[in-house]
Amino acid sequence: MLILGVISMTIRPAHKEDIPCIARVHVDSWRTTYRGIVAGSYLAGLSYQKHEDRHHQYMAYPGTFYLVAELSDQGIVAFLTGGPERSGDPNFAGELFAIYLLHQHQRQGIGSALVRQWAKNLEQISIDSALVWVLADNKQAIGFYERLGAKLLHEQTIEIGGALLRELAYGWKDLSPLIS
């Protein structure tokens with residue numbers, strides 16, 4: 001448990017009952033984080049119900065784990081999901097699939113706490129390297145990963161809402177500094 005002022009925060013594994021809160025955090029954080037990066041019409045069309053359905057499916061994938069950050073006075077304000085690397089990259093065994101925090105809870109140490117627990121979870125399954133994909137225009141997230149020691153690896157182009165966007169891979173060849 002981490003104390004933020006007089007509010008306590010718990011990082012814990014997510015449960016199926018948490019999925020409506022996870023979907024709310026996911027949609028709300030996309031709408032703030034990607035404003036000006038992803039088409040406004042795409043962001044406006046995001047649905048809590050569709051994200052609930054997706055997270056029910058994702059939570060069932062073998063090897064995938066979910067973590068939530070829960071504040072004592074507000075409930076779930078962030079989540080992270082990760083597990084084994086999905087594309088077959090020979091240099092990185094793990095992957096941070098997604099991390100989203102409600103805008104008003106960013107820059108308070110919550111994201112770092114989630115990433116540290118993610119690294120511990122990977123270590124428990126003998127994974128000691130990992131990567132994460134981030135949109136090139138998401139400068140705040142890039143700075144976050146760089147402060148945590150991730151290095152730029154490569155890039156690709158993806159499509160979101162009919163637009164082609166650059167996506168960057170950042171990685172940690174050694175996760176141990178995140179754990180200690």
Is V38 reachable from L101 through a run of hydrophobic residues whose side-chain heavy atoms are each under 4.5 Å from the next? yes

Closest non-hydrogen contact found for W118 with L67 is N-CD1, 3.6 Å

Roughly how far, to the nearest 0.5 Å, is CG of L165 from CD1 of I37? 8.5 Å

Shortest non-hydrogen contact between L114 and V68, atoms and distance: CD2-C, 4.1 Å

Looking only at side-chain N and O atoms, does D174 offer a donor or acceptor that is under 3.5 Å from a partner on S176? yes

For G63 versus P84, what's the shortest heavy-atom pair and its separation? O-CD, 3.4 Å

Any idea which heavy atoms bring Q140 and R147 closest together, and the distance? O-NH2, 4.5 Å

Can you tell me if H15 has over 12 outside heavy atoms packed within less than 6.0 Å of its NE2? yes

Between D28 and Y48, is there a side-chain donor-acceptor contact under 3.5 Å, judged purely by atom types and distance? yes

Gap between atom CZ of R54 and atom CD1 of I19 - 0.5 Å precision: 13.5 Å

Using the ring of each side chain (for Trp, its six-membered ring), is Y42 parallel, tilted or perpendicular to W30, with breaks at 30° and 60°? tilted

How close do A14 and I22 get, heavy atom to heavy atom, and via which atoms? CB-CD1, 3.9 Å

If you draw a 6.0 Å radius around CZ in R12, do more than 12 non-hydrogen atoms from other residues or ligands fall strictly inside? yes

Working for side chain to side chain contact (heavy atoms under 4.5 Å, CB included), residues D89 and E95: CA-CA 10 Å; D89 188 304; E95 185 174 350; over 6 Å; no

Closest heavy-atom pair, S29 versus Y100, reported as atoms and distance to 0.1 Å, is OG-CB, 3.1 Å

Please state whether the rings of H55 and H51 are parallel, tilted or perpendicular, taking 30° and 60° as the class boundaries. tilted

For residues Y58 and I125: do they belong to one hydrophobic cluster (side chain heavy atoms under 4.5 Å, members Ile, Leu, Val, Met, Phe, Trp, Tyr)? yes

Could you check V134 against F144 for side chain to side chain contact (heavy atoms under 4.5 Å, CB included), going step by step and ending with a plain yes or no? CA-CA 11 Å; V134 58; F144 171 72; over 6 Å; no

Hey, does L96 have a side-chain heavy atom less than 4.5 Å from the side chain of Y170? no

When you compare the side chain of T81 with that of M59, does any pair of heavy atoms fall below 4.5 Å? no

For the atom pair CG (L178) and CH2 (W172), what is the distance rounded to the nearest 0.5 Å? 6.5 Å

Hey, could you give me the CG/CZ distance between L122 and F65, rounded to the nearest 0.5 Å? 4.5 Å

Please check this pair: side chain of E167 against backbone of W133, looking for a donor-acceptor N/O pair closer than 3.5 Å. no

Name the orientation class of the two ring planes belonging to F79 and Y66 (parallel below 30°, tilted from 30 to 60°, perpendicular beyond 60°). parallel

Could you tell me whether the side chain of I158 reaches within less than 4.5 Å of the side chain of L135, counting heavy atoms only? yes

Can you tell me how far apart CG (L80) and CZ (R116) are? Round to the nearest 0.5 Å. 13.0 Å

One should read off an interatomic distance between I142 CD1 and L152 CG, to the nearest 0.5 angstrom, of 8.0 Å

Would you say the side-chain atoms of R31 pair up with the backbone N or O of V27, donor to acceptor, closer than 3.5 Å? no

Can I160 be reached from L43 by stepping across I, L, V, M, F, W or Y side chains whose heavy atoms are under 4.5 Å apart? yes

Flag side-chain contact, heavy atom, 4.5 Å: R166 against D137: no

Under 3.5 Å, is there a donor-acceptor pair linking the side chains of D53 and Q57? no

Treating Ile, Leu, Val, Met, Phe, Trp and Tyr as nodes and any side-chain heavy-atom pair under 4.5 angstrom as an edge, say whether I99 and M9 lie in one connected cluster. yes

Count I, L, V, M, F, W, Y as connected when their side-chain heavy atoms are under 4.5 Å apart, and connections chain through other members. Are I179 and L131 then in the same cluster? no

